[in-house]
Novice: 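The structure that follows is given in the form of C-alpha cells.
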Amino acid sequence: MASEALPLSWRRIPERYCLIGNSCENCKTNFFPTRKICPNCRRRGKLADKTYSGKGKVYSYSLVNVVPQGFELDAPYVLAIIELEEGPRVTAQIVDCGEKDVKIGSLVKMVFRKIKEDGDEGVIHYGFKFGLVK
Amino acid sequence: MRDVAIVGVGMSKFGEEWNRGFREIVIDAGKKALNDAKIKGEEIDGMFVGTMAAGSLIGQEHVGALIADFMGLTPIASTRVEAACASGGVAFRQGYMAIASGLHDCVVVGGAEKMTDVSTASVSDALGGAGDQEWELFMGATFPALYAFMAKRHMHEYGTTEEQMASVAVKNHYNAARNPCAQYQNEITIETVMKSKVVASPLKVFDCSPITDGAAAVVLMPLEKAKKYTEKPIKIIASAQASDVIALHSRRSLTELAATKIAAKKAFAQAKLTPKDIDVCEVHDCFTIAEIMAIEDLGFFKKGEGGKASAEGKTRLDGEIPINTSGGLKGCGHPVGATGIKQIVEIAWQLRGEANQRQVKDARIGMTHNVGGSGATCAIHILEKGF
Ligand SMILES: [Zn+2]
C-alpha cells in the first residue's frame with residue numbers, strides 16, 4: 001500500500017510517537033503494539049497501558065536496497081528487528097549508520113523521525129526509529 | 001470421512017505471459033486438468049480458486065464467480081480462497097475437505113496469479129499485504145527484508161553461509177531447466193547468485209523468487225470413484241494447516257517457522273509416516289533461506305544443517321531427498337496463488353512417473369509445503385501413488 005489513511009495514522013499516534021503498548025496483569029506479558037486480547041490468557045487477561053523506555057538491542061537486521069514506494073529518499077537504509085529491554089520486538093529503521101556499524105546485539109535507543117511521505121500532496125507520517133548507542 | 005484422490009492435473013506455462021490475461025491462463029490450466037481427468041464439465045459440482053492479490057494486481061475481485069463464468073461452469077458453487085502465498089495450498093485443502101466430507105463429488109481446485117500487468121513496485125506493494133501492514137510494511141519492510149532477517153539469524157545461530165543459500169538457487173534452476181512449464185530454462189552457478197545485486201542483505205536477486213504469471217489446476221474425487229476415471233489415481237493421505245502470528249518480530253524464533261513444524265507434525269501423524277518415508281518434496285522456497293529452513297522444519301535435516309545439506313547436494317534430483325524437482329518458486333516461478341497447486345501438480349507427475357528428465361526413480365510418496373507471507377500460514381499435503 002503506497003499510502004496510509006489519515007485516520008489510521010492518527011489512531012496509531014500513542015504507539016508510534018510514544019512507544020505506548022500494553023501489558024497483561026494476569027500473565028505479566030508485555031505487548032507492542034497494543035493487543036486487545038492477551039493471547040496467553042484470552043478473555044481472562046487484564047490489559048493495561050505500558051510506556052516502553054525505548055532502549056533495546058538489535059535482534060536481526062538488513063540493508064534494504066530495493067525499497068517500497070514512499071521510502072525512495074531514505075534508500076538504502078538499515079532495517080532491523082529491535083528487542084526492547086522490556087521484551088517485545090519491533091521492526092524499525094536504524095538511523096545514521098551503515099550496515100557495517102550494526103551487529104546482532106548492538107545497543108540502540110528510540111529516536112523520533114519522519115517515517116515516510118505519501119507523495120507530494122499526501123500525509124507525512126512520523127514515528128519511531130532507532131539510533132545506535134555509542 | 002471419505003478417501004480423496006487426484007484424478008487430473010494441469011498447469012499453464014509459467015513466465016511473463018504478456019499476451020495472456022488472468023482468465024486465459026486459468027482456463028488454460030483448467031482445461032488441461034479436465035482433459036487429464038477425462039471428465040465432462042457437467043460432472044463438476046464445486047470449485048475453489050486460490051488467488052492472493054487479484055484485487056490489487058488486476059483490479060478484479062469476485063474471482064470464484066469469474067472463473068466459473070469463463071470456464072462455462074455456472075451455476076456450480078465456486079469459491080475464492082486467499083491466504084497470501086499459501087492461497088493455493090489452502091484452496092486445495094478446502095477442495096479435499098469438500099470431497100472427504102461427502103458434500104461434493106467432483107471438485108476442481110485452481111490457483112492463479114497475473115502479476116506482470118503492473119510495475120514491479122506495485123507488485124511489491126501488493127505482496128506486502130501478506131505481512132503486517134501497520135507495523136512491518138509501514139516501517140519500510142519488504143518481503144526480501146523479512147526473509148533477510150531470518151537469513152541473518154540463521155547465519156548468526158548456525159553459521160549458514162551465503163554460498164550455501166546460493167546452492168539452493170543453483171539446484172532449483174537446474175531442475176527448472178528440465179521442466180518445460182518452468183519460467184526459467186537456464187542453469188546458473190554459485191557465482192551468478194553471489195554476483196547478483198543485493199536486494200536486502202544478505203539476499204541477492206538470485207536468492208529471490210521472481211514475478212510470474214501462472215495458473216495450475218487439479219480435479220479431486222472420492223478415491224472409490226476415481227478408479228473409474230484414471231488408471232493412475234493419486235491418493236491424498238494427509239492434509240494439514242497451521243497459523244502463526246503475522247508479524248515476524250512477534251515470533252519467538254526467526255530460524256524456524258512454527259506453522260510449518262506444527263502442520264508437518266499433524267500431516268505425518270495423519271499419514272502414519274516419518275520424514276524418511278517421503279520420496280520427493282516440493283517446499284516453499286520464496287527465498288533460498290526459506291528452502292533451507294523448510295527442509296529442517298519438515299524434519300529432513302537437523303536444525304542448522306539445511307545449508308550444509310543443500311551445498312552437499314543432498315536435495316538434488318539424485319540426492320537423499322529430492323527437493324523442488326519442479327524448479328521450486330525460484331526456478332519454476334512464483335505466481336503467488338498458483339504456487340500451492342503447482343506443487344501438487346508436480347508431485348502428482350512424479351508419483352505417476354511422468355516427470356521425464358527430472359523424474360525421481362520409484363517415487364511412491366510425495367509431500368507439498370506451501371507458506372503464506374513470512375510464515376503465518378502453512379499448508380502441508382502428503383500424496384501417495386494410488387496404483
Ligand atoms: Zn495474559
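In the text below, chain A, chain B and the rest are named by the order of the sequence lines, each starting its count at 1.
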Novice: Non-hydrogen atoms of chain B under 4.5 Å away: do they reach the side chain of Phe128(A), the backbone, both or neither?
Specialist: both

Novice: With a 4.5 angstrom heavy-atom cut-off, is it the side chain or the backbone of Val64(A) that approaches chain B, or both, or neither?
Specialist: both

Novice: Which answer fits Leu8(A), side chain, backbone, both or neither, if we ask what part of it has an atom under 4.5 Å from a heavy atom of chain B?
Specialist: side chain

Novice: Nearest 0.5 Å please: distance from the OG atom of Ser122(B) over to the CD atom of Gln69(A).
Specialist: 5.5 Å

Novice: Arg89(A) side chain to Leu248(B) main-chain N or O, any donor-acceptor pair under 3.5 Å?
Specialist: no

Novice: By a 4.5 Å heavy-atom criterion (distance strictly below it), what part of Tyr59(A) contacts chain B: side chain, backbone, both, or neither?
Specialist: both

Novice: Say you draw a straight line from CG of Leu137(B) to OG1 of Thr91(A); how long is it, rounded to the nearest 0.5 Å?
Specialist: 9.5 Å

Novice: From Tyr61(A) OH over to Ser201(B) OG, what is the distance, rounded to the nearest 0.5 angstrom?
Specialist: 7.0 Å

Novice: Mind checking the NZ-CG spacing from Lys152(B) to Leu63(A)? Nearest 0.5 Å is all I need.
Specialist: 8.0 Å

Novice: Under 4.5 Å from any heavy atom of chain A, what part of Thr120(B) do you find: side chain, backbone, both or neither?
Specialist: neither

Novice: Please state whether the side chain, the backbone, both or neither of Ala80(A) comes within less than 4.5 Å of a heavy atom of chain B.
Specialist: backbone

Novice: With no hydrogens and no angle check, is any side-chain donor or acceptor of Arg153(B) less than 3.5 Å from a backbone partner on Ile104(A)?
Specialist: no

Novice: I'd like to know if the side chain of Ser62(A) and the backbone of Ala145(B) have a donor-acceptor N/O pair within less than 3.5 Å.
Specialist: no

Novice: Can you say whether Glu83(A) sits under 4.5 Å from chain B via the side chain, the backbone, both, or neither, judging by heavy atoms?
Specialist: neither

Novice: Chain B heavy atoms under 4.5 Å from Phe71(A): which part of the residue, side chain, backbone, both or neither?
Specialist: side chain

